[in-house]
Amino acid sequence: MIEVKNICKQVITTEGKLDILDGISLTVADGETLAIVGPSGSGKSTLLGILAGLDLPSSGSVIVNNQDITAMDEEGRAMVRAKDVGFVFQSFHLLPGLTALENVALPLELNGDGKALETANYYLERVGLSSRTTHYPRQLSGGEQQRVDIARALLNSPKLILADEPTGNLDPETSDEIMQILIQIAKDYGTAVIMATHD
Ligand code: ADP
Ligand code: MG
């Protein structure tokens with residue numbers, strides 16, 4: 001599903017050249033989950049940004065669903081992202097004035113999808129939140145908010161899910177639940193899941 005070949009990323013800083021990534025290669029097949037583990041500052045977010053096509057490597061290539069996104073222009077990468085990639089963030093990015101259901105349905109509604117609520121309900125059920133659909137983010141625990149974010153990441157049936165410290169704000173038990181949900185999603189939908197974590 002995703003193949004990364006010899007990625008390097010260097011940036012120029014006021015202190016000179018900085019090597020953030022130095023020869024990273026990896027392959028994640030459909031249905032597989034990969035954890036990228038390393039302390040803060042080790043380059044996890046930089047790598048995920050490159051895998052998402054939000055940033056380009058200094059050298060090396062990234063093949064997502066048979067498409068070399070490192071050979072594409074920004075528009076091409078944005079199309080691959082919209083079609084094939086789902087994101088899960090540490091800080092959830094939920095809109096406080098919308099319920100869980102409305103938060104998940106919003107991207108579909110913006111696309112004029114008549115079945116937005118139905119689809120959103122399906123994915124909320126999928127992450128175990130059918131009894132919380134009418135709750136606002138402030139009425140949800142951190143783990144529940146993260147599950148809403150995961151439900152939203154599934155909307156475009158992504159081939160690849162990228163999760164940047166999805167458990168960074170959660171206690172160990174809830175972190176474990178969230179990881180199990182991501183692993184199960186990978187198995188059930190044949191999605192490749194890559195998650196970064198510092199622990
Ligand atoms: P992580 O997500 O593992 O905490 P990051 O990928 O955010 O690590 O950052 C890795 C290192 O690269 C950090 O030391 C960060 O300060 C540095 N870094 C990231 N992007 C840039 C940039 N555009 N310019 C300079 N330094 C950067
Ligand atoms: Mg990071």
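Counting convention: from 1, in listed order, for ligands and their atoms alike.
By the 4.5 Å heavy-atom criterion applied to side chains, Thr167 and Met195 are not counted as neighbours. Between Ile2 and Ile63 the shortest side-chain heavy-atom distance does not fall below 4.5 Å.
At a cut-off of 3.5 Å, with distance as the only test, a side-chain donor of Gln67 or Asp84 sits close to an acceptor on the other residue. Between the side chains of Asp164 and Ser45, at least one donor N or O lies within less than 3.5 Å of an accepting N or O.
Leu106 pairs in a side chain to side chain contact (heavy atoms under 4.5 Å, CB included) with only one of the listed residues (Asn111, Leu101, Leu98), which is Leu98.
Counting non-hydrogen atoms of other residues, nucleotides and ligands closer than 6.0 Å to NZ of Lys83 gives a total above 12.
Atom numbering of ligand 1 starts at 1 in the shown order; those under 4.0 Å from a heavy atom of Thr13 are 25 (C). Listed by atom number, the atoms of ligand 1 under 4.0 Å from Ser40 heavy atoms are 4 (O).
Aromatic ring pairs are classed by plane angle as parallel below 30°, tilted from 30° to 60° and perpendicular above 60°; the pair Tyr189 and Tyr122 is perpendicular.
At the top of the distance list for atom 13 (C) of ligand 1, counting protein heavy atoms only, stands Gly41 O, 3.8 Å. When only non-hydrogen protein atoms are considered, atom 6 (O) of ligand 1 lies nearest to Thr46 OG1, 2.5 Å. At the top of the distance list for atom 8 (O) of ligand 1, counting protein heavy atoms only, stands Gly43 N, 3.1 Å. The protein non-hydrogen atom at the shortest distance from atom 19 (C) of ligand 1 is Ile20 CD1, 3.5 Å. Regarding atom 7 (O) of ligand 1, its nearest protein heavy-atom neighbour is Ser45 CB, 3.8 Å.
Ion pairing between Asp55 and Lys9 holds under the 4.0 Å rule for side-chain N and carboxylate O.
Only the backbone of Pro39 comes within 4.0 Å of ligand 1, judged by heavy-atom distances. When heavy-atom distances to ligand 1 are checked against a 4.0 Å cut-off, Val11 comes that close only through its side chain, counted from C-beta outward. Contact annotation: for Leu18 versus ligand 1, heavy atoms closer than 4.0 Å belong to the side chain alone.
Taking 4.0 Å as the cut-off, Gly38 does not count as a neighbour of ligand 1 on heavy-atom distance.
Among the atoms of Thr46, no N, O or S atom falls under 2.8 Å of the Mg ion (ligand 2).
For the pair Arg138 and Tyr136, the cation sits on the ring face: its NZ or CZ lies under 6.0 Å from the ring centre, inside 45° of the axis.
In this structure, atom 11 (C) of ligand 1 is in close contact with the protein, since a protein heavy atom lies within 4.0 Å of it. Distance remark: protein heavy atom not present below 4.0 angstrom from atom 16 (O) of ligand 1.
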